[in-house]
Each structure stands twice: as structure tokens, then as C-alpha cells.
Amino acid sequence: QVQLVESGGGSVQSGGSLRLSCAVSGLTHVIYYVGWFRQAPGQDREAVATIRYGGTRTEYADSVKGRFTISQDTAKSTVFLQMSSLKPEETAMYYCVAATRWYGSSWLHEVAYNYWGQGTQVTVSS
């Protein structure tokens with residue numbers, strides 16, 4: 001089992017920044033990738049960014065490239081999502097996800113992940 005606990009959400013004005021954290025615990029040695037997804041009210045869930053756990057490879061959704069950065073501190077078993085230049089349409093619940101099964105395609109696919117956190121709310125006001 002893997003446990004994921006998100007923190008760092010909150011309210012920010014358009015153009016502002018936030019850093020989300022995901023504390024990873026449990027069977028961390030079997031995790032391949034950790035990522036962030038988001039879901040706005042009435043919208044489908046969408047991928048934001050993902051990182052090879054313990055490695056360096058990252059993937060980003062086109063909509064956040066150049067503004068968001070995913071990183072990790074494996075010593076502290078924490079994955080971060082630094083978000084800058086936030087837009088009101090990025091108001092959503094942000095979820096940390098983890099994959100313990102190898103997936104042979106883009107790690108931005110929701111089906112790749114078998115563990116999900118409870119989410120942290122991000123609200124961007126105009």
C-alpha cells in the first residue's frame with residue numbers, strides 16, 4: 001500500500017504562485033511515478049505533471065509547461081508542484097497520484113495510476 005497526503009492548497013490571485021506538497025509513505029520502493037492531476041467542478045480530471053520517483057524524468061501537460069515545476073525530495077519522501085502565473089481557470093482540486101505498476105505509454109494518462117490522495121483545493125481569483 002501507498003499513502004499520499006497533499007498539502008499547500010489555498011487561495012491566490014491571478015498571476016500568483018503556490019507550492020503543493022505530496023507526502024508519500026508506505027511501499028515507496030515499488031513506486032514508478034508520482035504525479036499531479038486536477039479536476040475543476042463540472043470538468044473532467046486532467047493531468048498536470050508527473051515525475052519518475054527517485055529519478056529525473058518529468059512530463060507536463062502543455063497547458064502548464066513553463067509555469068509549473070514538479071520536483072521531489074526523496075530523502076523526505078515528498079513530491080512538490082510549484083505553480084506560477086496561475087490563472088482563474090486553474091481553480092480545481094489537485095490530486096497527488098502514484099503508480100506501482102509499469103505503464104507502457106505517457107505517464108500523463110490517468111489509468112497509469114493506482115493510488116490517489118484526497119486532494120487539496122486551489123482557488124485562483126481574478
Side-chain angles (χ1 to χ4, degrees):
Q1 294 290 326
V2 172
Q3 292 79 42
L4 306 168
V5 179
E6 304 95 334
S7 61
S11 297
V12 64
Q13 290 193 326
S14 179
S17 300
L18 277 176
R19 188 176 81 155
L20 305 183
S21 298
C22 175
V24 184
S25 62
L27 300 178
T28 59
H29 63 283
V30 298
I31 295 174
Y32 286 105
Y33 274 79
V34 174
W36 292 91
F37 280 67
R38 65 188 179 190
Q39 187 169 25
Q43 303 291 322
D44 292 334
R45 203 151 45 192
E46 62 174 351
V48 177
T50 185
I51 188 166
R52 181 70 162 100
Y53 195 64
T56 58
R57 187 175 184 274
T58 59
E59 290 187 60
Y60 293 91
D62 288 342
S63 61
V64 307
K65 284 179 181 176
R67 299 186 298 118
F68 290 15
T69 302
I70 189 169
S71 62
Q72 62 188 326
D73 182 341
T74 51
K76 296 182 178 179
S77 299
T78 304
V79 175
F80 305 99
L81 183 68
Q82 178 67 49
M83 306 184 292
S84 302
S85 302
L86 282 160
K87 306 172 183 179
E89 56 265 36
E90 294 181 307
T91 293
M93 186 69 78
Y94 283 69
Y95 298 92
C96 181
V97 298
T100 61
R101 305 167 301 199
W102 186 253
Y103 183 69
S105 184
S106 168
W107 288 93
L108 294 177
H109 292 170
E110 184 175 332
V111 296
Y113 298 92
N114 52 335
Y115 288 95
W116 291 72
Q118 293 299 307
T120 186
Q121 178 67 39
V122 172
T123 301
V124 185
S125 58
S126 57

Peer 1: Going by the rule side-chain contact (heavy atoms from CB on, under 4.5 Å), which residues pair with Thr100 if we only count those two or more places apart in sequence or in a different chain?
Peer 2: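 Expected list: Val2, Val30, Ile31, Asn114, Tyr115.
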Peer 1: So which pairs with a foot in residues 43-94 pass disulfide (SG to SG under 2.5 Å), sequence neighbours left out?
Peer 2: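 Non-adjacent pairs meeting disulfide (SG to SG under 2.5 Å): zero.
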Peer 1: So, using side-chain contact (heavy atoms from CB on, under 4.5 Å) as the criterion, who are the partners of Gln3 when residues are at least two apart?
Peer 2: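 Here the qualifying residues are Gln1, Ser25.
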Peer 1: Using side-chain contact (heavy atoms from CB on, under 4.5 Å) as the criterion, list what pairs up with Val48, not counting sequence neighbours.
Peer 2: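 Val48 satisfies side-chain contact (heavy atoms from CB on, under 4.5 Å) with Trp36, Arg38, Val64, Phe68, Leu81, Tyr94 once adjacent residues are dropped.
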Peer 1: Would you please name every residue forming a salt bridge (Lys or Arg N to Asp or Glu O under 4.0 Å) with Lys65, sequence neighbours left out?
Peer 2: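 Applying salt bridge (Lys or Arg N to Asp or Glu O under 4.0 Å) to Lys65 gives Asp62.
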Peer 1: How would you list, by chain and number, every residue that makes a side-chain contact (heavy atoms from CB on, under 4.5 Å) with Ser17, sequence neighbours excluded?
Peer 2: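 Only Gln82, Ser84 meet the side-chain contact (heavy atoms from CB on, under 4.5 Å) criterion with Ser17.
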Peer 1: Which distance, rounded to the nearest 0.5 Å, do you find between the CZ of Phe37 and the CE of Met93?
Peer 2: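 Output value for this atom pair is 16.0 Å.
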Peer 1: Just to verify, what does Glu110 make a side-chain hydrogen bond (donor to acceptor under 3.5 Å, both in side chains) with, not counting sequence neighbours?
Peer 2: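 Only Arg45 meet the side-chain hydrogen bond (donor to acceptor under 3.5 Å, both in side chains) criterion with Glu110.
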Peer 1: Set out, in order, the CA-CA distance, both residues' side-chain angles and the distance that settles side chain to side chain contact (heavy atoms under 4.5 Å, CB included) for Met83 and Leu20, then state yes or no.
Peer 2: CA-CA 8 Å; Met83 306 184 292; Leu20 305 183; 3.7 Å; yes
Peer 1: Please tell me whether Phe80 and Val34 are part of a single hydrophobic cluster in this structure, the criterion being side-chain heavy atoms less than 4.5 Å apart.
Peer 2: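 Different clusters.
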Peer 1: Does some side-chain heavy atom of Thr91 sit less than 4.5 Å from a side-chain heavy atom of Gln121?
Peer 2: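 Answer yes - side chains close enough.
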Peer 1: Measure up the Trp102 and Tyr32 rings against each other and bin them: parallel (under 30°), tilted (30 to 60°), perpendicular (over 60°).
Peer 2: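 Rings of Trp102 and Tyr32: perpendicular, as their planes differ by over 60°.
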Peer 1: Quick one: list whatever passes side-chain hydrogen bond (donor to acceptor under 3.5 Å, both in side chains) with Thr28, sequence neighbours left out.
Peer 2: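 Not a single residue meets the side-chain hydrogen bond (donor to acceptor under 3.5 Å, both in side chains) criterion with Thr28.
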Peer 1: Using the test salt bridge (Lys or Arg N to Asp or Glu O under 4.0 Å), find all partners of Arg101 that sit at least two apart in sequence or belong to another chain.
Peer 2: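 Here no residue qualifies.
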Peer 1: Who are the side-chain hydrogen bond (donor to acceptor under 3.5 Å, both in side chains) partners of Tyr113, not counting sequence neighbours?
Peer 2: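 side-chain hydrogen bond (donor to acceptor under 3.5 Å, both in side chains) list for Tyr113, sorted by chain: Thr50.
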Peer 1: Considering the options Val122, Leu18, Thr123, which one meets the side-chain contact (heavy atoms from CB on, under 4.5 Å) requirement together with Ser11?
Peer 2: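 The residue from Val122, Leu18, Thr123 that satisfies side-chain contact (heavy atoms from CB on, under 4.5 Å) with Ser11 turns out to be Thr123.
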Peer 1: Mind jotting down which residue pairs meet the disulfide (SG to SG under 2.5 Å) criterion with at least one end in residues 10-69? Sequence neighbours excluded, please.
Peer 2: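 Matches after skipping sequence neighbours: Cys22-Cys96.
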Peer 1: According to side-chain hydrogen bond (donor to acceptor under 3.5 Å, both in side chains), does anything in residues 66-80 pair up with another residue at least two apart or in another chain? List the pairs.
Peer 2: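 Only Arg67-Glu90 qualify under side-chain hydrogen bond (donor to acceptor under 3.5 Å, both in side chains).
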